[in-house]
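Only this structure's heavy atoms are used, side chains among them; waters, hydrogens and symmetry mates stay out. Letters A, B, ... mirror the listed sequences (proteins, then strands); counts begin at 1.
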Protein chains: 2
Amino acid sequence: MRYTAHINIMPLKELLDPQGKAVSSSLHNLGLTQVQDVRIGKHITLTLDAANKDDANTLVQDACKKLLANQVMEAFDFTLVEG
Amino acid sequence: MRYTAHINIMPLKELLDPQGKAVSSSLHNLGLTQVQDVRIGKHITLTLDAANKDDANTLVQDACKKLLANQVMEAFDFTLVEG
């Protein structure tokens, strides 16, 4: 069965996010001063074949831990949908 | 009122995503051969102050169009939650 995983990988809350800080001050310079905080991470959509949702779940966890996320600095979460 | 916007910015479907292709072949090399397709974009969380949800919506649209997304190559979507 075909599944699509929507993965978000974000810098850990405890860490500074210099890219987010830069974007935040750029938004202020553009006049959008209501913006308080910006954090920037990755969004990955991954389509995969798996026998069932549990297998798909294991596979996505594996992909995140082995390659996609650097768990020293980043946290990931994902949702799985069929199709 | 305080709102949090969860923004996804992805390369347009019509365009090649070389970063995604590279990650896809790396996953295959790691033995995760069930992976079919990978596309990589940005995930941005933005906290902002706005009088109501409509204002917050307008502000996030503005931020995406003016700075966050390059609409020639990327499409964005977002969800707004209170708090």
Can you pull out all donor-acceptor pairs below 3.5 Å that join chain B and chain A?
from: B:N8; atom 1: OD1; to: A:H43; atom 2: ND1; distance (Å): 3.3
from: B:Q34; atom 1: O; to: A:D49; atom 2: N; distance (Å): 3.0
from: B:Q36; atom 1: N; to: A:T47; atom 2: O; distance (Å): 2.7
from: B:Q36; atom 1: NE2; to: A:D49; atom 2: OD2; distance (Å): 2.9
from: B:D37; atom 1: N; to: A:T47; atom 2: O; distance (Å): 3.3
from: B:D37; atom 1: N; to: A:T47; atom 2: OG1; distance (Å): 3.1
from: B:D37; atom 1: O; to: A:T47; atom 2: N; distance (Å): 2.8
from: B:R39; atom 1: N; to: A:T45; atom 2: O; distance (Å): 2.9
from: B:R39; atom 1: O; to: A:T45; atom 2: N; distance (Å): 2.9
from: B:G41; atom 1: N; to: A:H43; atom 2: O; distance (Å): 2.7
from: B:G41; atom 1: O; to: A:H43; atom 2: N; distance (Å): 2.9
from: B:H43; atom 1: N; to: A:G41; atom 2: O; distance (Å): 2.9
from: B:H43; atom 1: O; to: A:G41; atom 2: N; distance (Å): 2.7
from: B:H43; atom 1: ND1; to: A:N8; atom 2: OD1; distance (Å): 3.3
from: B:T45; atom 1: N; to: A:R39; atom 2: O; distance (Å): 2.9
from: B:T45; atom 1: O; to: A:R39; atom 2: N; distance (Å): 2.9
from: B:T47; atom 1: N; to: A:D37; atom 2: O; distance (Å): 2.8
from: B:T47; atom 1: O; to: A:Q36; atom 2: N; distance (Å): 2.7
from: B:T47; atom 1: O; to: A:D37; atom 2: N; distance (Å): 3.3
from: B:T47; atom 1: OG1; to: A:D37; atom 2: N; distance (Å): 3.1
from: B:D49; atom 1: N; to: A:Q34; atom 2: O; distance (Å): 3.0
from: B:D49; atom 1: OD2; to: A:Q36; atom 2: NE2; distance (Å): 2.9

Value rounded to 0.5 Å, distance of CD1 in A:I40 from CG in B:L68: 7.0 Å

Mind running side chain to side chain contact (heavy atoms under 4.5 Å, CB included) on B:V23 and A:L46 for me, showing each step along the way? CA-CA 10 Å; B:V23 165; A:L46 201 142; over 6 Å; no

Identify the heavy atoms of B:L48 and A:V35 that sit nearest to each other, and give their distance. CB-CA, 4.1 Å

Only pairs at least two apart or in different chains count here, so list each salt bridge (Lys or Arg N to Asp or Glu O under 4.0 Å) that has a residue in residues 22-34 of chain A. none

If two hydrophobic side chains count as joined below 4.5 Å and joins carry through other members, does B:M10 share a cluster with A:L80? no

Establish whether B:V60 and A:L30 are linked, either directly or via other cluster members, by ILVMFWY side-chain heavy-atom contacts under 4.5 Å. yes

Give the cluster check for A:L59 versus A:M1: same hydrophobic cluster or not, with ILVMFWY residues linked at side-chain heavy-atom distances below 4.5 Å. yes

Region of B:A50 that comes under 4.5 Å of a non-hydrogen atom in chain A: neither

Path from A:I9 to A:L12 over hydrophobic side-chain contacts below 4.5 Å: no

Is B:L27 in contact with chain A via its backbone, its side chain, both, or neither, using a 4.5 Å heavy-atom distance? both

Is A:I44 linked to B:F78 within one hydrophobic cluster, defined over Ile, Leu, Val, Met, Phe, Trp and Tyr using a side-chain heavy-atom separation of less than 4.5 Å? no

